[in-house]
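One structure below.
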Amino acid sequence: MGCIILSPTRDLATQLLGVLKLVGKFHGFSAGLFIGGRKGVDTEKECVNELNILVCTPGRLLQHMDETPNFECCQLQVN
């Protein structure tokens, strides 16, 4: 089970990941940042299924939904 946090901007997504890292020191979860405007899409594709929490921007999420094998969102619930 995992979580996707959708952020409208890269700056806000970066701030959200920073807070998750602070909280994550005391808990056992992994979080990653997937935002546009930077290289590393291939690296992201390799680790996307290993993350518990994914913080991303809309464009990058759509890119992974289209291009990343085994990136499944069919069980995704919106809360």
Quick one: CG on L12 to CG on L17, what's the gap to the nearest 0.5 Å? 11.5 Å

Can you tell me how far the NE2 atom of H64 sits from the CD1 atom of I4, to the nearest 0.5 Å? 10.5 Å

Report, one line per pair, each donor and acceptor closer than 3.5 Å where one atom sits in a side chain of residues 20-37; sequence neighbours left out.
from: S30; atom 1: OG; to: E50; atom 2: O; distance (Å): 3.3
from: S30; atom 1: OG; to: N52; atom 2: N; distance (Å): 3.1
from: S30; atom 1: OG; to: N52; atom 2: OD1; distance (Å): 3.2

Spacing of CG belonging to L6 relative to SG belonging to C56, to within rounding of 0.5 Å: 5.5 Å

Closest non-hydrogen atoms of P8 and P58, given as atom of the first, atom of the second and distance, are CA-CD, 4.5 Å

For T57, enumerate each residue passing the side-chain hydrogen bond (donor to acceptor under 3.5 Å, both in side chains) test, keeping only those at least two apart in sequence or located in another chain. none

How many angstroms lie between atom SG of C47 and atom CG of L54, to the nearest 0.5 angstrom? 9.0 Å

Over 12 non-hydrogen atoms of neighbours within 6.0 angstrom of CG in N70: no

